[in-house]
Amino acid sequence: MDRTRVRRALAATEALGLVLIRGWARTRRESKGLVFLEINDGSCLGNLQVLVAEDSAAWGGLGEVSTGAALEVVGRHQASPAKGQAWELHAEGLRVLGVADPESYPLQKKRHGDEFLRTIAHLRPRTNKYGAMFRIRARAALAVHEFFGQRGFCWVHTPIITGSDCEGAGEMFRVTTLPPGEVDLAADFFGRQAGLTVSGQLEAEPFALALGDVYTFGPTFRAENSNTPRHAAEFWMIEPEMAFADLADDMALAEDFTKDLTRRVLADCGEDLALFERFVQPGLLAGLAAMVEGPFERVSYGQAIDILAKAGRQWEYAPQWGADLQTEHERFLCEEYFRRPVIVFDYPKQIKPFYMRQNDDGRTVAAMDLLVPRVGELIGGSQREERLGVLEARMGELGLSAEDYWWYLDTRRFGSAPHAGFGMGFERFLLMITGAGNIRDVIAYPRTPRHLGF
Ligand code: 4AD
Ligand code: MG
């Protein structure tokens, strides 16, 4: 479309006291000599009510207008006598840009369930709830860049195709250049092994050790076959990495970042969030407001195990030093015991990846997880092992080849420095801020073992 021409036409209609709007019909209601259309253009929750009178030039175009049709309407906007809207549009011209067959258009004027809407991920942003969701998502993404930009962090674009499995959990999707039948897992990527990144951290660390404070924000992938409401095979992660920083700095950044992001979304997405408060999670807004006011709790892993052991609960998995915290434990800590976000730090080294800095006790590493009510783990991070000898020894214990990680070890050979960082799952943040219960409903096209979308 020639934007200049469109702009000129718009300016001309405005000069005549007319406005032009384009959007999709949500409803059509007939009355004597009048048709009422509700039109939504995706910019906000509110629909615009359009009145088409029998004696107007717009009347002739009405034949093909049904829910879902794309329309262009020119008219005069006037104060509305109807309740719940400040003004309405009296149509003088109407053009159907795209029809939507009422027999087969899947979205009708009723509330559809999330399960059903997942099967039409390409149409669900046309509903109030998902329109609001994806506006909130966009605002939150912008807030990420505002927060780090204002603090002088440099955005680094780490690769999606990579040779290193950062978390060492064997959850990398393999990338292959070979035709089916010739797949060779050790040499798929032009003779070498490669996969889709599970985290940008390893590639971000060298940039922190050059530029000071950096962050990544991009898609990450996990080939884990977990069908939970909080795990996806493709999700977005935000990973800050700071040079000359320790675990305390890392925890402080995690808290500030979570609160700041929440504040920015609360400030700008009030109308969209109110929908989630009303239909998804009563008390959502008061809970978020309280969260940004109060301090987050900090508790060591050892203390957390003690609290859980003394809770007098029938656990499905008995809390035990050395074992990972289960969802039931994480939720108990932040939802019942502390009733606020909790940062658990100093985890046993055997349940954490090779790159975390070993503490002097010989059993724990300078790791931290931020747990939030309803969602569980929102952030995972650590101070990194900056001592070459200690890092090499740990990699040896875990059977990681120093040759494969030569470039990573170089950063410890040349000008190594204490540094720390974390990863926040962007979808987990959206679960927290919207009250949505399922990760499939906060990402445009969910990829999970059961959802490829189409
Ligand atoms: O705890 P994780 O695995 O940590 C890392 O990947 C580190 N390399 C991050 C770092 O220190 N730079 O993942 C970080 C966060 C989790 O806390 C969680 O919020 C999210 O990423 N996450 C997932 N979100 C959705 N689906 C999954 N399958 C996820 N796995 C992790
Ligand atoms: Mg984690």
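In listed order, ligands and their atoms are each counted from 1. Given the structure is predicted, the values throughout are model-derived calculations rather than measurements.
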The single option from Arg137, Arg440, Arg447 that satisfies salt bridge (charged side-chain N to carboxylate O under 4.0 Å, His left out) with Glu427 is Arg137
For the backbone of [Y] and the side chain of [X], can you confirm whether one donor and one acceptor N or O come within less than 3.5 Å of each other?
{"X": "Arg331", "Y": "Pro373", "result": "no"}
{"X": "Thr220", "Y": "Thr197", "result": "no"}
{"X": "Asn40", "Y": "Cys44", "result": "yes"}

Tell me the closest heavy-atom pair linking Glu277 and Gly283, and the distance in Å. OE2-N, 3.2 Å
If you compare all heavy atoms of Ile443 against all heavy atoms of Arg124, which two are closest, and at what distance to 0.1 Å?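 Shortest heavy-atom separation between Ile443 and Arg124 comes out as O-NH2, 2.7 Å.
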Should [X] be counted as touching ligand 1, given the test is an N or O pair under 3.5 Å?
{"X": "Gly381", "result": "no"}
{"X": "Ser382", "result": "no"}
{"X": "Met237", "result": "no"}
{"X": "Ile439", "result": "no"}

Provide the number and element of each atom of ligand 1 under 4.0 Å from a heavy atom of Gly380. 9 (C), 10 (C), 11 (O), 17 (O)
For ligand 1, which atoms sit closer than 4.0 Å to a heavy atom of Gly425? 15 (C), 19 (O), 20 (C), 21 (O)
Among [options], closest by any non-hydrogen atom to [atom]:
{"atom": "atom 9 (C) of ligand 1", "options": "Glu239, His231, Arg230", "result": "Glu239"}
{"atom": "atom 11 (O) of ligand 1", "options": "Met368, Glu234, Arg384", "result": "Arg384"}
{"atom": "atom 6 (O) of ligand 1", "options": "Glu205, Lys352, Glu171, Arg222", "result": "Arg222"}
{"atom": "atom 8 (N) of ligand 1", "options": "Glu224, Glu167, Met424, Glu427", "result": "Glu167"}

Sorted by chain and number, protein N/O/S atoms nearer to the Mg ion (ligand 2) than 2.8 Å are Glu377 OE2
If we only consider heavy atoms of Tyr355, is any one of them less than 4.0 Å away from an atom in ligand 1?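 Yes, Tyr355 has a heavy atom closer than 4.0 Å to ligand 1.
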Could you tell me whether Glu146 and Arg264 make a salt bridge, using a distance below 4.0 angstrom between a side-chain N and a carboxylate O?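 Here Glu146 pairs with Arg264 in a salt bridge, since their nearest N and O are under 4.0 Å apart.
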Salt bridge Arg151-Asp256, side-chain N to carboxylate O under 4.0 Å: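 Salt bridge between Arg151 and Asp256, a charged N being under 4.0 Å from a carboxylate O: yes.
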Of all pairs that satisfy salt bridge (charged side-chain N to carboxylate O under 4.0 Å, His left out), the ones with a partner from residues 222-251, not counting sequence neighbours: Glu241-Arg384
I would like to know whether Arg126 and Tyr130 meet side-chain hydrogen bond (donor to acceptor under 3.5 Å, both in side chains); could you show each step before the answer? CA-CA 7 Å; Arg126 291 196 196 176; Tyr130 288 91; over 6 Å; no
Compute the ring centroids of Phe338 and Phe296, then answer whether they are less than 6.0 Å apart.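 Not close enough - the centres of the two rings lie 6.0 Å or further apart.
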